There are 2 protein chains.
Amino acid sequence: MTDPATKTVKAPRKTAAKPASGARKLVKAAQTVGDGGPVDNFPKGRRAQASEARKAAILKAALAVFARQGLDGASLEAIAQAAGISKANLLYYHPSKEALYVAVLEQGLSLWLAPLSRFTDGDDPADAIAALIGAKLAMSRDHPEVSRLFALEMLRGAPLLKPVLSGPLKAVFDAKVAVVQAWIDAGKLGKVDPPHLIFSIWALTQHYADFAVQVRALAGKSLSDKAFMDETQSALTALVLDGVRPR
Amino acid sequence: MTDPATKTVKAPRKTAAKPASGARKLVKAAQTVGDGGPVDNFPKGRRAQASEARKAAILKAALAVFARQGLDGASLEAIAQAAGISKANLLYYHPSKEALYVAVLEQGLSLWLAPLSRFTDGDDPADAIAALIGAKLAMSRDHPEVSRLFALEMLRGAPLLKPVLSGPLKAVFDAKVAVVQAWIDAGKLGKVDPPHLIFSIWALTQHYADFAVQVRALAGKSLSDKAFMDETQSALTALVLDGVRPR
DNA sequence: TCGAACTTGGACCATTTGGTCAAACATGGA
DNA sequence: TCCATGTTTGACCAAATGGTCCAAGTTCGA
């Protein structure tokens, strides 16, 4: 603060579009995926509790709205209303719409990455693959909005997520590719293309969240239907493991 | 016009949200998918030609912008600029943003539905399935924006497309499910779940268009790369036909 | 050649919306 | 009890945006 003028200016109405790189924050969040974040379990006062509940409510409401309407389509007013607070209050917790969006993305990131992280080398590749399919499908059932949010972000060209994709995610991805390759080398798996296998499992499972409307229109069911969930899981697992050709 | 007042009022600024059902138009478009639309090949004047070219340019520009930014994120100004005309002129051709969006969707519908329509009963299910995968994958390579546009529409809950989904598309879908079932009954195919097989093929192939950023970030390639295209096609075909388990 | 019909875009307008501000309201510790 | 600190919101503001209007071209058939 050597310039005395800056003291009074106080940012003259958002000049130009700031770099606004919430991307950095997302990369950090992706790296600390397993640890569940800061624990801070010391005794909370009523106020702190209420505040935390509100913050959670805001993120939940924002996720719901963003996942349906997209970043541009969502209005702060709509999110605030869904969270049961005023728009001004919403902006008290998150300085801007994009910051809120980043916070939502950040929160979803761990859920998003968890299944692949748990995909580890084991005796039976078939079991590991089945487990991965199960985990991702459960994710599509229990948190379809998260899946949709990420799909939306990809469709935009992932301006905020790209650093995560080519950074932390690529690291995990490469590791899992190696795992699959090891299975193939050991003769435990047919000669498949490891990267494509992972893409395939993602595509197959996320489809049921992202294209849920279509699935519902054509099959008449959704994953929230227990029978349909089971049926889908077996169908996908069978497809990936054995394909469709008669044996 | 019994009320003299209405004469001067002249619709006081778009009253309430009209039904605005461009959905009807879409359903009709979906039904006439194969015929390539009205042919009208009578001699065209210079004017008509230019007009047609402009219309095409508009739809192309609109597709590009809508597919990236979504209905809400896209601005008429941006589309007009991409098409090289003024916003007012754009609105001369399409009465509203939503109407333009519907027109774009309508145009993409035939491309979108074509591969499945061509999926017919034949001697060898393996060939038919491989062909379907090839066609859908080619679609992802040659018209990724169309794929993304539809994905975007699904993620929104398909407000405009739902009638198409549960109408014409469901009809085609059911027919193809029957085809697959017949193969199974004839012992030409393993005991797969026909609806899920179709969903799977859609999911697998569209993934490479919709999640192209992610694929590029993780695999370093995209379908426009000939080698990667071939590799992807074999990988997906092999997966669907034979699965990953060693034989 | 001439005018009716088709095109085109600059100026405008109303509304929506992201964001700011200051004043009112809690609340919990001293 | 009292106030410093943290919350909450209604009133506002400026920019962006969908859409309208009208005047100025263009084209093409008669």
Side-chain angles (χ1 to χ4, degrees), chain A residues 8-18 20 22 42-58 61-62 65-66 69-104, chain B residues 8-18 20 22 42-58 61-62 65-66 69-104:
Chain A
T8 47
V9 174
K10 211 187 200 178
R13 278 244 175 236
K14 172 95 60 162
T15 323
K18 288 183 294 187
F42 58 85
K44 301 175 190 76
R46 284 206 305 279
R47 192 176 202 164
Q49 271 184 1
S51 168
E52 223 161 288
R54 179 136 306 164
K55 279 178 192 169
I58 289 175
V65 178
F66 278 138
Q69 327 256 26
L71 174 54
D72 292 302
S75 76
L76 289 180
E77 186 61 51
I79 296 173
Q81 199 173 324
I85 60 179
S86 70
K87 189 181 65 168
N89 195 197
L90 176 60
L91 284 163
Y92 170 76
Y93 285 96
H94 298 273
S96 74
K97 187 182 179 179
E98 210 200 74
L100 172 58
Y101 183 74
V102 169
V104 173
Chain B
T8 47
V9 174
K10 210 189 201 180
R13 280 252 171 230
K14 170 97 59 157
T15 323
K18 288 183 293 187
F42 58 84
K44 300 174 190 78
R46 281 206 308 281
R47 192 175 202 163
Q49 271 183 0
S51 168
E52 224 162 285
R54 180 135 303 164
K55 280 178 192 170
I58 290 175
V65 178
F66 279 137
Q69 329 255 28
L71 173 54
D72 292 302
S75 76
L76 289 179
E77 186 61 51
I79 295 172
Q81 199 173 325
I85 60 178
S86 70
K87 190 180 63 166
N89 195 195
L90 176 59
L91 284 162
Y92 170 77
Y93 285 95
H94 299 273
S96 74
K97 188 181 177 178
E98 211 200 73
L100 172 58
Y101 183 74
V102 169
V104 173

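For clarity, every value in this text was computed on a predicted model and none was experimentally measured. Labels below follow one simple rule: chain letters A, B, ... track the order of the sequence lines, proteins then strands, and each chain is numbered from 1. All heavy atoms count here, side chains included; hydrogens, waters and symmetry mates do not.
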For [X] against [Y], the heavy-atom pair lying closest together:
X       : Y        : answer
A:Ala83 : A:Ala57  : CB-O, 4.2 Å
A:Ala82 : A:Val65  : CB-CG2, 4.4 Å
B:Ala62 : B:Val104 : CB-CG2, 3.6 Å

Between atom [atom1] in [X] and atom [atom2] in [N], what is the gap in whole Å?
X       : N      : atom1 : atom2 : result
B:Glu52 : C:dT7  : CD    : P     : 11 Å
A:His94 : D:dT7  : NE2   : C1'   : 14 Å
A:Glu98 : C:dT17 : CD    : P     : 18 Å
A:Lys97 : D:dA16 : NZ    : P     : 14 Å
B:Asp72 : D:dG18 : CG    : P     : 9 Å

How many angstroms lie between atom [atom1] of [X] and atom [atom2] of [Y], to the nearest 0.5 angstrom?
X       : Y       : atom1 : atom2 : result
A:Gln69 : B:Leu71 : CD    : CG    : 10.5 Å
B:Ile79 : B:Ile85 : CD1   : CD1   : 10.0 Å
B:Asn89 : B:His94 : CG    : NE2   : 10.5 Å

Distances under 3.5 Å only, N/O to N/O: pair up the protein atoms with those of nucleotides 8-11 of chain D.
| from | atom 1 | to | atom 2 | distance (Å) |
| --- | --- | --- | --- | --- |
| D:dT8 | OP1 | A:Arg54 | NH1 | 2.4 |
| D:dT8 | OP2 | A:Asn89 | OD1 | 3.3 |
| D:dT8 | OP2 | A:Asn89 | ND2 | 3.4 |
| D:dT8 | OP2 | A:Tyr93 | OH | 2.7 |
| D:dT8 | O5' | A:Asn89 | OD1 | 3.3 |
| D:dT9 | OP2 | A:Ser86 | N | 3.2 |
| D:dT9 | OP2 | A:Ser86 | OG | 3.2 |
| D:dT9 | OP2 | A:Asn89 | OD1 | 3.2 |

TODO: Give, ordered by number, those residues of residues 73-83 of chain A having at least one heavy-atom distance below 4.0 Å to an atom of DNA chain C; if nothing qualifies, reply none.
DONE: A:Ala74, A:Ser75, A:Leu76
Open item on the list: Taking B:Ala74's backbone N and O only, do any of them form a donor-acceptor pair with B:Lys97's side chain (distance below 3.5 Å, no angle check)?
Closed with: yes
